[in-house]
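Read through the structure below, which is laid out as structure tokens, and then see the notes.
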Amino acid sequence: QVQLVESGGGLVQPGGSLRVSCAASGTIFSINAMGWYRQAPGKQRELVAAITSGGTTNYGGSVKGRFTISRDNSKNTVYLQMTALTPEDTGVYYCKAAPSLETLESDGFWGLGIQVTVSS
């Protein structure tokens with residue numbers, strides 16, 4: 001079993017930056033991809049960003065160029081650095097771990113989610 005613990009959420013002003021983290025523990029040898037999804041009230045869950053253990057990345061179109069995903073394999077932790085934030089970035093951010101990028105949404109494990117609020 002894999003456990004995912006998210007941290008770093010909170011309130012930030014428009015145009016500001018925020019970094020969230022996700023630490024994986026448990027039976028992690030089968031995990032080759034980790035990433036972030038988000039969901040706002042009344043909207044569907046969407047991919048934010050994902051990364052493999054080798055450093056390959058994938059970004060959702062709405063955040064490309066503004067967000068950066070990175071990893072620290074020694075800590076089994078993935079980070080999401082969010083910049084140029086807008087109120088549209090507000091939502092619950094969920095960490096996800098899976099065997100591959102291709103199966104990130106359908107397979108693997110979810111974190112409980114953390115709130116990110118962008119407001120002045």
Side-chain angles (χ1 to χ4, degrees):
Q1 190 175 48
V2 174
Q3 295 83 43
L4 303 174
V5 179
E6 302 119 325
S7 62
L11 176 66
V12 64
Q13 295 187 63
S17 300
L18 193 69
R19 188 180 78 159
V20 293
S21 303
C22 177
S25 62
T27 310
I28 61 174
F29 60 85
S30 64
I31 299 301
N32 194 45
M34 295 179 64
W36 294 90
Y37 291 79
R38 70 185 182 188
Q39 187 168 26
K43 299 182 65 177
Q44 295 189 48
R45 184 178 61 205
E46 63 177 343
L47 173 70
V48 178
I51 189 169
T52 70
S53 60
T56 301
T57 59
N58 187 38
Y59 293 93
S62 64
V63 307
K64 190 174 298 182
R66 298 189 297 120
F67 292 8
T68 301
I69 191 168
S70 61
R71 61 179 173 82
D72 185 341
N73 288 335
S74 68
K75 299 179 180 178
N76 299 312
T77 299
V78 64
Y79 306 94
L80 183 68
Q81 180 68 47
M82 301 179 284
T83 62
L85 286 162
T86 77
E88 301 302 316
D89 296 313
T90 294
V92 178
Y93 283 65
Y94 298 91
C95 185
K96 184 75 190 312
S100 67
L101 286 176
E102 291 77 13
T103 61
L104 186 63
E105 184 172 353
S106 59
D107 293 344
F109 304 88
W110 290 96
L112 295 178
I114 53 173
Q115 179 69 40
V116 172
T117 302
V118 184
S119 176
S120 60

Side-chain donor-acceptor contacts of residues 26-42 below 3.5 Å, not counting sequence neighbours, with atom names and distances?
residue : atom : partner : partner atom : Å
Thr27   : OG1  : Gln1    : N            : 3.2
Asn32   : OD1  : Ser53   : OG           : 2.5
Tyr37   : OH   : Glu105  : N            : 3.3
Arg38   : NE   : Glu46   : OE2          : 2.8
Arg38   : NH1  : Asp89   : OD1          : 2.9
Arg38   : NH1  : Tyr93   : OH           : 2.9
Arg38   : NH2  : Glu46   : OE2          : 3.2
Arg38   : NH2  : Ser62   : OG           : 3.2
Gln39   : NE2  : Lys43   : O            : 3.2

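Listed here is the closest heavy atom pair of Thr90 and Val118: OG1-N, 2.9 Å. In plain terms, the two heavy atoms of Leu104 and Ala50 that are nearest each other are CD2-CB, 3.5 Å. Annotation for Thr103 and Pro99: closest pair OG1-CD, 3.8 Å, computed over non-hydrogen atoms. Taking both residues in full, the closest heavy atoms of Ser70 and Val78 are given as O-CG2, 3.0 Å, listed atom of the first, atom of the second, then distance.
A continuous path of Ile, Leu, Val, Met, Phe, Trp and Tyr side chains, each step under 4.5 Å between heavy atoms, connects Val20 with Val12, placing both in one hydrophobic cluster. A continuous path of ILVMFWY side-chain contacts below 4.5 Å connects Phe109 to Ile51, so both sit in one hydrophobic cluster. No chain of hydrophobic side-chain contacts below 4.5 Å, direct or via other Ile, Leu, Val, Met, Phe, Trp or Tyr residues, connects Tyr94 to Leu85.
Between atom OG of residue Ser25 and atom CG of residue Asn76 there is a gap of 8.5 Å, rounded to the nearest 0.5 Å. Atom-to-atom distance recorded for Gln81:CD and Ile69:CD1 is 12.0 Å, nearest 0.5 angstrom. Rounding to the nearest 0.5 Å gives a distance of 6.5 Å between NZ of Lys96 and OG of Ser106.
Listed by first then second residue, pairs satisfying side chain to side chain donor-acceptor pair (under 3.5 Å) with a partner in residues 109-118 read Gln115-Thr117, not counting sequence neighbours. The stretch residues 61-90 participates, sequence neighbours left out, in no ring-ring contact (aromatic ring centres under 6.0 Å, His included) pair at all. A side chain to side chain donor-acceptor pair (under 3.5 Å) check over residues 9-24, counting only residues at least two apart or in different chains, returns nothing.
Side-chain N or O atoms of Tyr59 include none that pairs as donor or acceptor with a backbone N or O of Arg66 at under 3.5 Å.
Legend: residues meeting side-chain hydrogen bond (donor to acceptor under 3.5 Å, both in side chains) with Asp107, ordered by chain and number and at least two apart, are absent. Taking Ala23 as the reference, Thr77 meet the side-chain contact (heavy atoms from CB on, under 4.5 Å) condition, with sequence neighbours excluded.
Side-chain contact between Met82 and Val48 is absent, with no heavy-atom pair separated by less than 4.5 Å.
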- Query: Should Ser119 and Leu11 be marked as a side-chain contact (heavy atoms from CB on, under 4.5 Å) after you check the CA-CA gap, both sets of side-chain angles, and the distance that decides it?
  - Reply: CA-CA 7 Å; Ser119 176; Leu11 176 66; 4.1 Å; yes
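In the displayed structure, Glu88 atom CD is contacted under 6.0 Å by at most 12 heavy atoms of other residues, nucleotides or ligands.
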